[in-house]
Structure formats: C-alpha cells, structure tokens
Amino acid sequence: MEKREINPTQWLKAFNINHAVEVTGAQRVVYLSGQTSNDADGAPMQAGDLEAQFGLAWQNLKDALAEAAMDPTN
C-alpha cells in the first residue's frame with residue numbers, strides 16, 4: 001500500500017493532519033466521516049473553546065480508528 005499526503009495549503013501540517021490522503025494498492029480501506037466534539041451520547045461539548053473542541057474531535061477520530069483495529073498512521 002502506498003500513501004501520498006495531499007495538502008494544497010500548508011497550515012494543516014502544524015496540526016499533523018492532511019487535507020486528503022491518496023491510497024493506492026490498498027487491501028482494506030476505512031472511510032471516516034467528519035468528526036466533531038460530541039460526547040458518547042452525541043451531546044456537543046466545550047462550547048466556545050475551539051482548542052478543546054479540536055482535541056475531542058481528534059480523540060473521537062482515534063476512537064473510531066481503534067474500533068477498526070487502526071490508528072492515525074493508517
């Protein structure tokens with residue numbers, strides 16, 4: 001499997017994320033929808049605190065990957 005990071009703007013690299021990732025030759029692919037700062041019951045969290053919202057959205061993404069036996073490097 002080969003991965004190529006796609007970043008038409010460079011600012012996302014400061015957050016260690018990409019606009020997109022191209023994957024070729026994959027045997028298994030998991031697509032994730034946009035992640036938000038919601039708790040396990042769907043309630044919105046950290047109103048007015050963008051940094052905390054990002055942190056929880058990132059954790060939600062990692063949790064979804066873990067359920068698929070993956071991590072952010074995948």
Side-chain angles (χ1 to χ4, degrees):
M1 177 175 76
E2 305 232 357
K3 295 189 291 186
R4 179 176 69 98
E5 297 174 356
I6 300 170
N7 289 300
T9 59
Q10 297 297 306
W11 67 271
L12 283 177
K13 287 188 176 191
F15 296 99
N16 198 30
I17 57 177
N18 301 297
H19 280 278
V21 175
E22 175 187 58
V23 179
T24 58
Q27 296 295 318
R28 178 173 175 241
V29 177
V30 174
Y31 295 96
L32 298 168
S33 64
Q35 301 298 309
T36 60
S37 62
N38 293 74
D39 68 11
D41 296 320
M45 305 298 291
Q46 292 99 8
D49 187 343
L50 185 59
E51 187 174 346
Q53 290 174 8
F54 176 82
L56 182 53
W58 181 243
Q59 186 59 53
N60 288 342
L61 182 133
K62 292 190 299 185
D63 291 346
L65 288 170
E67 281 289 316
M70 295 179 156
D71 64 41
T73 64
N74 299 112

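In what follows, residues are counted from 1 in the order of the sequence shown.
E67 has its side chain out of reach of D63: every pair of non-hydrogen atoms, C-beta onward, lies at least 4.5 Å apart.
V23 and L61 fall into different hydrophobic clusters, defined by Ile, Leu, Val, Met, Phe, Trp and Tyr side-chain heavy atoms under 4.5 Å apart, directly or through other members. Tracing side-chain contacts under 4.5 Å through hydrophobic residues (I, L, V, M, F, W, Y), one reaches V21 starting from M1; they form part of the same cluster. Follow the hydrophobic side-chain contacts under 4.5 Å out from W58 and you reach M70 in the same cluster.
Residues passing the salt bridge (charged side-chain N to carboxylate O under 4.0 Å, His left out) test with E22 are R4, sequence neighbours excluded. Evaluation of the salt bridge (charged side-chain N to carboxylate O under 4.0 Å, His left out) rule for R28 yields no partner, not counting sequence neighbours.
Taking each heavy atom of G48 and Q53 in turn, the nearest pair found is N-NE2, 3.6 Å. The two residues V30 and A68 come nearest to each other via the heavy atoms CG2-CB, 4.1 Å.
Between the E2 side chain and the T24 main chain, no donor and acceptor come within less than 3.5 Å of each other.
In this structure, the separation between CG on N60 and CG on L32 is 11.0 Å, given to the nearest 0.5 Å.
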